Every structure is written in structure tokens, then in C-alpha cells.
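Working notes, structure below.
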Amino acid sequence: MATVNLHYLGLVCLLAVTATAASQCYRDAGQLKRVVQAQEECVRYLRIPCARLAVYNKFIYPNDAETQCMVRCMGLNLGWWNDTHGVQEAAMRSFFHPDPNDCDYERRTYRCLHSQRLDRPAPHDEACERAYESFRCYYEHYGNLVVTPQFVRLNALQQLDVLLQCADMLQYPMPDRSFSCARTHVAGAEGDFDCVLRCYMLRTGLYSENYGPNLDRIYVQCNNYANETLFRETTDACYRRLRSDCQDECTLIARYVRECFPAGGIIFLESLWYLRLWVQLR
């Protein structure tokens, strides 16, 4: 095996300690959240006067520094904003409902983003203003805000937490409990990883035993497919083909994760690399 950079090895150990500490009570990780709930939390976190919350809950967002940073916090909270990459489009779109008679809403929205250079990375010191202006482009041009709870995309640490929980419950090989990254060995681990993937998909709500893949949530979690219709058609057809071939559900889900996504790869298993690395180190 190739030499592993010590920086990444140390990060693996740090993430393991953090995720395990957060996982004493195992719960399904899929989270649904409303815009008003995120706003209330952000007002509390940022110590914004409570009187402003009444304004925000009427979906009024004055253009001032306090509101800009509240909107950025809301975007981080709901998974539609990233300070480095800007708008996470799939997540942002899930919080807006376009007018079915409006055929130009996407073009207007992207024109708004492009005109303010919001469709490209920028310095982090402008994060509040950029998050606010990006949100305004969608708010003014894309459609009406959705008031019902929507799926919140899991970040890399949350994904790792779920993988750790699943590996623990299924007795998949892990570093020893001191998290010294010592080498360990458990026979048959490679085949068992398919069942870890199944557990991951179930616990995140991306898959159901009764209904199969939840494409609404997977699309938001993946976040790297511009053509939603193509994404849905391709992945659904692939799943149906695999379902007819695979009798074992662990094998079915593992093959679905590995084979059923168009060019661009799977983003929703960002933390898979860390767990794989631990096994390679044993």
C-alpha cells in the first residue's frame, strides 16, 4: 500500500474521536428542517435581537450586515450555502417552489447570480454578503419559499459519524478504542462493507426497505448533477435493473452506490475514504 500522508492520518484519528463522542445515542441521521426553524436557531446563535425574528418569520430580509450574516447562518444550517463554493444548488432549489406557468425562472436566477459574480468562488471575508445576495437571487426570481420541512444535506463529519455508527453496530473492523490508529485485522471485512453501506443508506434516510432509494434526498445529498431529470431517470433505471439481479439487499445497495450514478461520481459518501483508509491500515 502507498504511504499515507501523516496529516491525513492524524485527521482520521481526530474525526474518529469527535464522531464517536457524538454517537453515544444512535439515531437515524436524516434530518428535515423548516426555514423558520433555521432562522430561529441562527438568531439565537448570533445573538440577534428577538424582535428581528418576527421580521424574518414574515420572510422579510432587510439588506443590513446583521441580516446578511443571519442568512449565511441559515444557509449553512439548511445545507444550501458553502463559504468556499457558494450556493449548493440542489439544496437551495428544494426550499423554493417555482410557478408552474413560469418558464424563465431558472434563467432569471442564474442571470442574477452571474451578474454579481456569485457563481464562482470568492474570499471568505465576503461570505455574509455573498450568501445574502445569492439567497435574494432565488427569493426574487426562482419561486416561493417552501414552508414545509425539507431534507438537510449531511456534511462530511455527519456522514463519517453515521459510517462509524454502522461499522460499530455491524462489528466492522475499526481502529482500537484508544483511536491510536493501530493496525487491526478482522477476517471477512471486505465483504461485510456492503452491509455497512446498506446501514448508512437506511440511517441517513436515503434508502428505504419498503420504497427503495429516496431520489429527492439523494439528489440534494449528491449536489453535483445539473440535470435533475437525467439524474432521476438514469439512477432509477439502474436500480430497477440491479434489483432484478441481486437477491441480497446488502449487495444490491452496494452495487447501486457504486454503479448507478452518471458522470460526476458520488458526493454523498465523502467520508467513505476515511473508513476505507482504516481498513487498509490494519
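Along the sequence shown, the residues carry numbers beginning at 1. Keep in mind the model is a prediction, meaning the values are calculated, not measured.
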Salt-bridge contact Glu41-Lys33 (side-chain N to carboxylate O under 4.0 Å): yes
Atom CD of Gln247 with >12 non-hydrogen neighbours under 6.0 angstrom: no
From CA spacing to verdict: side-chain hydrogen bond (donor to acceptor under 3.5 Å, both in side chains), Tyr132, Tyr139: CA-CA 10 Å; Tyr132 175 82; Tyr139 187 66; over 6 Å; no
For Arg240, all residues meeting side-chain hydrogen bond (donor to acceptor under 3.5 Å, both in side chains), sequence neighbours excluded: Asp236
Residue list, side-chain hydrogen bond (donor to acceptor under 3.5 Å, both in side chains) with Arg72, at least two apart or on another chain: Asp83
Non-hydrogen atoms of Cys137 and Leu113 that approach each other most closely: SG-N, 3.6 Å
Arg241 vs Tyr256, side-chain hydrogen bond (donor to acceptor under 3.5 Å, both in side chains): CA-CA, chis, key distance, verdict: CA-CA 10 Å; Arg241 173 179 58 81; Tyr256 175 70; over 6 Å; no
Modelled atom types, side-chain donor and acceptor of Arg34 and Thr148, under 3.5 Å: no
Test side chain to side chain contact (heavy atoms under 4.5 Å, CB included) applied to Glu209 - qualifying residues, sequence neighbours left out: Arg198, Leu202, Glu249
Polar side chain donor-acceptor pair, Tyr105 to Tyr110, under 3.5 angstrom: no
Residues in side chain to side chain contact (heavy atoms under 4.5 Å, CB included) contact with Glu40, at least two apart in sequence or another chain: Arg44, Leu53
With Tyr138 via side-chain hydrogen bond (donor to acceptor under 3.5 Å, both in side chains) - residues at least two apart: none
Side-chain donor-acceptor pair present, Gln159, Tyr200, cut-off under 3.5 Å: yes
Neighbour count above 12 (heavy atom, 6.0 Å) for Asn144 CG: no
Set of salt bridge (charged side-chain N to carboxylate O under 4.0 Å, His left out) partners for Asp248, sequence neighbours left out: none
Asp102 and Arg107 ion-paired at < 4.0 Å: no
